Amino acid sequence: MSHVVIDNPHGLDQQLAALDLNAADCQGGGTGRRYIPPHLRNKEASKNGFGSYDHKDGGWGGPQRDAAYNSFGGRSDRSKTAFNDRGAGSRGRYERGGFSAGGSSRWMDDSKDDDWSKPTAPNERVENELFSGGNTGINFEKYDDIPVEATGANCPPHIDSFHDIDMGEIVMGNITLSRYTRPTPVQKHAIPIIKSKRDLMACAQTGSGKTAAFLLPVLSQIYGDGPGDASQAAKGGGQDNGRYGRRKQYPLSLVLAPTRELALQIYDEARKFAYRSRVRPCVVYGGADIGQQIRDLEKGCHLLVATPGRLVDMMERGKIGLDHCNYLVLDEADRMLDMGFEPQIRRIVEQDTMPPRGMRQTMMFSATFPKEIQILARDFLEDYIFLAVGRVGSTSENITQKVVWVEDTDKRSFLLDLLNATGKDSLTLVFVETKKGADALEDFLYHEGYACTSIHGDRSQRDREEALHQFRSGRCPILVATAVAARGLDISNVKHVINFDLPSDIEEYVHRIGRTGRVGNLGLATSFFNDKNSNITKDLLDILVEAKQEVPSWLESLAYEHQHKSSTRGRSKRFSGGFGARDYRQTPGSGNFSSSRGGRGTGGHGGGRSFGGGFGNNFYNNDGYGGNYSHSGSVDWWGN
Ligand code: ADP
Ligand code: MG
């Protein structure tokens, strides 16, 4: 039972390791050593302390790595970096024990100085690769006045700076390298909550910095605690001594995400924050070669990012055991349920070997908090803190929202007009309802001479990645997308979001327009509306009013008609203070919200209603969990 690989039950690795540590001139020679290409013998190793972390390959692997490592062992006298004293020994060991497909973890775990809280040596090349990507252009300074509410027993106080909390040398170093100068609102609250080992249910929209909000404190705890029980398991005490079992990985932390793209984004962030640590992140997702993912897992996996379906597959193949998974994160939980992943999620969390809730630490993130998510939270979380992060987007003046009446037959020509008006260079995201519609529209635009690409569920993994890249880089500044395919993607700097087809629910609308005008940037969202969209009329009207947008008079009269036709709807107003959700455990008038907040305003994100004052009264009014969910289908997470 190990999260690292046991491949050498006879202890040969210990012997090799000893050689590694003692020999100062062993380049290319000695027991079982591999040939080291000349270009790796001195240059890279002596410059960086350690050789070739192969990022293309997803981590430590391949012959190049081995070579560099061996040469590292051979020139430990040469690189006297700050980290050298402790690095020389443990790095050499680490390669064998933790990060090599052919290594054994035993002796690594036995070593006394294998302190996970200490950074391993820096590597310039890796560093450049991980951290060279510029900032996304999001101005988080302007995000500061977004209100955040934390509810639940004994909620730890929030931080204002990353330095307000001790996350250890490795995490702090990587925050600096990432050029994160200050925490985003969700990070200010979530980091201390997670660091104090509390379960968390957080509602925050895309782009608010959720990834780091859970990765930083989780990794910080893993670095502090080391491999723990898992290292005992690694010694073969478990049930996994069979030929296949030996290759089973036992991650310490699992992040579940709905889509491949999102999983990859989280994985990329994880690699940044795992830089110079002993934690090896891995990612598995459907639609890609499973053999390759298995081979990567076998190199060691401490933090696993996964889509639910592929993870179940890996578990059933005996490649992953969750026995030591002490940290569970469900990212974009509402989207995972929308996509029908609930059975797989329950299979992973409840019907296998994962430590039960209360034993593990569980964090759920969701943009919305409908009934299904509340149930999941009840089942997966223990005595959790509920965090509601104010919305940017719908309530922000950053986005100009336009709704225009366009008949289906006119949509294409209208779109061309819009594209011509916005200019060729600005990134435009066009949402359509179906995969077929996406293909058709892409073809049409292509034939009209527009550089465009598309992304939807039927595209191969490769195609989707390529499309995203083309879009982000500006080579194809028009991206046609279906909602599911675009979910959770960090596509920043989108100038214009066009709802070629409007969604049928307002939550999806808010998600979509959140792609533009992300904090600090101005954006434009244009929606084509016709008879087919009458079901969203009232909600759309509310949202436009809330965000102080121009409301077309036809929409107003439509909404009026609509309301009189269907008076069954329980909600009168959707918004309160710009929050995306409410902690359903709070009962109206409990005073938890309003007591300390009377003086605080909305801080100018267009709420119209005072955040503090309106809170206690204007409250989401279900009578707690298990009571009746009066709103058919979904809870009114906008808070009324
Ligand atoms: P979410 O998961 O809420 O959609 P992400 O975690 O993807 O948001 O973050 C959005 C972008 O903001 C990413 O490019 C991320 O690197 C960046 N980011 C996150 N936190 C900070 C911070 N504290 N300072 C600067 N940039 C940040
Ligand atoms: Mg995210």
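Counting convention: from 1, in listed order, for ligands and their atoms alike. What you are looking at is a predicted structure, and each value in this text was computed from that prediction instead of being measured.
At a 4.0 Å heavy-atom cut-off, ligand 1 does not touch Phe214 at all. At a heavy-atom cutoff of 4.0 Å, ligand 1 is contacted by no atom of Gln265, backbone or side chain.
Between Phe214 and Phe365, the ring planes lie tilted relative to each other; the angle falls in the 30° to 60° range.
The side-chain tip of Arg512 points at the ring of Phe431 from less than 6.0 angstrom away and within 45° of straight on.
Residue Gly209 has at least one N or O atom closer than 3.5 Å to an N or O atom of ligand 1. Taking distance alone, with nitrogen or oxygen atoms compared against 3.5 Å, Tyr180 approaches ligand 1 more closely than that limit. An N or O contact shorter than 3.5 Å links Arg182 to ligand 1 by distance. Between Lys210 and ligand 1, at least one N/O pair is under 3.5 Å apart.
Here the side chain of Asp164 pairs a donor or acceptor atom with the backbone of Ser161 at under 3.5 angstrom. With hydrogens and angles ignored, the 3.5 Å screen pairs no side-chain donor or acceptor of Arg357 with any backbone N or O of Phe380. Panel note: side chain Gln221, backbone Ile194; a donor-acceptor pair is recorded below 3.5 Å.
No heavy atom of Glu332 sits closer than 4.0 Å to any atom of ligand 1. For the ligand labelled ligand 1, residue Phe365 lies outside the 4.0 Å heavy-atom shell.
The two residues Leu337 and Glu342 make their nearest non-hydrogen contact at CD2-CB, 3.7 Å.
Residue Thr211 approaches ligand 1 through these ligand atoms, each under 4.0 Å from one of its heavy atoms: 2 (O), 5 (P), 6 (O), 7 (O).
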